[in-house]
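Worksheet for the structure shown next.
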Amino acid sequence: VAFPALATPVEDTLVIESDDGPVEIVTQTTAPAHLQGALETIYSGWLFRNDETRDLERDDFDNPGMVFVDRGRDTWNAEIGAKGESCASCHGGPESLKGLRAVLPRVDEKTGALMTMENYIDTCLTERMGLESWGWTSTNMSDMLALISMQSRGMPVNVAIDGAAAPYWEQGKEIYYTRFGQLEMACANCHEQYYGHMIRADHLSQGQINGFPVYRLKDSALLSAQKRFVGCVRDTRAETFKPNSPEFKALELYVASRGNGLSVEGVSVRH
Amino acid sequence: MTRQLALAVAVALAAASPAMSETSPNDVQFDGGAVAQSLTGVPGDPTAGVKVMTTRALGNCVACHLVSALPDVPFPGDIGPALDGAASRYSEAQLRGIITNSKHTFEGSFMPAFYKTEGYIRPGDAYTGKGAAEPLPPILSAQQIEDVLAYVMTLTDE
């Protein structure tokens, strides 16, 4: 099938003003080798949003997502564990996790399990702190995702797709190209074949997840990648998968790898 | 008044006895993508057709197609070609086929099949995200297909 490559991201560059000075964000770069034949250039979803929305991400002072980062820091330092532990008492400052967001999901070397950021956080909560799981959609969880993601802001996404990750990557790829639901639409139809086009009022991006977690103006809330996947699958009149299902974990790995080379945006802003 | 009454009777009849002269989704005869025979035997109503084409939970054709004759529709999409002049490019039978299940005309098309009930992967209960057992109700009823067709037939190149 020859896909019409009518792509219309805006021409713009992103340098974020932060307390620690300007942070340059790569929002457009050559597609990773595994996308050869499918995409030549990869674009952050930021380039598909309107001027006002893009501007909100240029300065941390204007970014509504920063509130969640601050809240995440409070939780990080709180002595909430069964024996009074905090995340800080074992890990030190959150900057000790610098770089982690850029390489997840990954297969954990010690356990051999496919791990998202949520999986790591959940393991510490339930196995090391004696706490109940926060679940995948709680405010505690999204605050912590925001805080940890910020530590890798500006670093290139660099998710491994070979070795132990390969079977998960293949599974995720298969899902990405499967036409689900009564509308028979795959992720690839909207985000590879028709990105740049308008589907009613929505300007289709490449559906990249380098910006996650995302502050979504429409919901006034933070959204994780897998929560976004739920919405997109639901819109095909299909039965969705659940966050933390094996299918969505594999899909997150695959979609993340399509963004290898784009910058982690920390907490991005979308409408 | 009498025309409205006749329409009301026709609608009531169609609702009361849907199976009478309706072709069910599995029995539609495609001939190279075209469907010659009306799915209902009841002439389509173009006004009802516009409603179907612009309602999200129904045809939602404007999500992907511009129709210049409908300037009040905000934000039409540009995924598919504009439907302007479609009736000059295709016969009525071809258009009925495209609206019924475009995949017989355009292989692998992104355009959904509107009159189909099974053969889906993870079929859901409309937009709820919950699963549903096949056969699903088709996205559009046979008469809604004929109504949309009646409107699209007015889109000629003059």
Side-chain angles (χ1 to χ4, degrees), chain A residues 1-8 48 50 137 171 174-205 207 218 226-243 245-248 251 271, chain B residues 25 53-67 70 72-83 100-104 106-141:
Chain A
V1 189
F3 291 159
L6 191 92
T8 55
F48 295 81
N50 64 25
T137 54
Q171 185 192 0
E174 164 99 31
I175 293 170
Y176 194 85
Y177 287 97
T178 298
R179 300 184 67 157
F180 289 112
Q182 196 171 17
L183 297 183
E184 299 176 280
M185 291 175 180
C187 316
N189 288 122
C190 285
H191 295 299
E192 180 176 296
Q193 186 179 7
Y194 288 112
Y195 77 89
H197 286 261
M198 302 298 295
I199 189 160
R200 199 75 198 256
D202 287 316
H203 193 194
L204 282 172
S205 73
K218 216 182 264 176
Q226 292 192 21
K227 271 205 255 178
R228 176 81 232 195
F229 298 170
V230 169
C232 282
V233 175
R234 190 203 292 126
D235 283 351
T236 69
R237 299 173 75 120
E239 179 180 6
T240 61
F241 299 98
K242 291 193 168 56
S245 61
E247 291 86 357
F248 267 179
L251 183 63
H271 70 230
Chain B
M53 292 176 70
T54 54
T55 303
R56 182 172 184 262
L58 296 175
N60 202 20
C61 317
V62 293
C64 296
H65 295 284
L66 172 75
V67 183
L70 299 174
D72 293 341
V73 173
F75 308 116
D78 65 359
I79 302 263
L83 296 185
T100 301
N101 183 348
S102 65
K103 274 122 179 140
H104 293 269
F106 311 112
E107 204 200 325
S109 182
F110 183 48
M111 179 165 155
F114 288 101
Y115 198 57
K116 171 176 160 172
T117 57
E118 51 201 12
Y120 299 113
I121 300 169
R122 294 183 74 83
D125 176 8
Y127 292 103
T128 62
K130 297 202 175 78
E134 296 183 346
L136 305 177
I139 300 173
L140 298 181
S141 69

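In the text below, chain A, chain B and the rest are named by the order of the sequence lines, each starting its count at 1.
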In Å, rounded to the nearest 0.5 Å, how long is the span from [atom1] of [X] to [atom2] of [Y]?
X	Y	atom1	atom2	answer
Ile175(A)	Ile121(B)	CD1	CD1	11.5 Å
Gln182(A)	Glu118(B)	CD	CD	11.5 Å
Asn60(B)	Leu183(A)	CG	CG	9.0 Å
Met198(A)	Leu66(B)	CE	CG	12.5 Å
Arg237(A)	Ile139(B)	CZ	CD1	5.0 Å

Taking atom CZ of Phe75(B) as the centre, report whether more than 12 heavy atoms of other residues, nucleotides or ligands fall under 6.0 Å from it.
no
Engaged part of [X] at the chain A interface, taking heavy atoms whose separation is under 4.5 Å:
X	value
Pro138(B)	backbone
Lys116(B)	both
Thr117(B)	neither
Asp125(B)	neither

Heavy-atom pair with the smallest gap, counting every atom of Ala113(B) and Glu184(A)
CB-OE1, 4.2 Å
Using every non-hydrogen atom in the two residues, find where Tyr127(B) and Asp235(A) come nearest and quote the distance to one decimal.
CE2-O, 3.5 Å
What I'd like to find out is whether the side chain of [X] reaches to under 4.5 Å of the side chain of [Y], using heavy atoms alone.
X	Y	result
Tyr120(B)	Thr236(A)	no
Arg200(A)	Val73(B)	yes
Cys64(B)	His197(A)	no

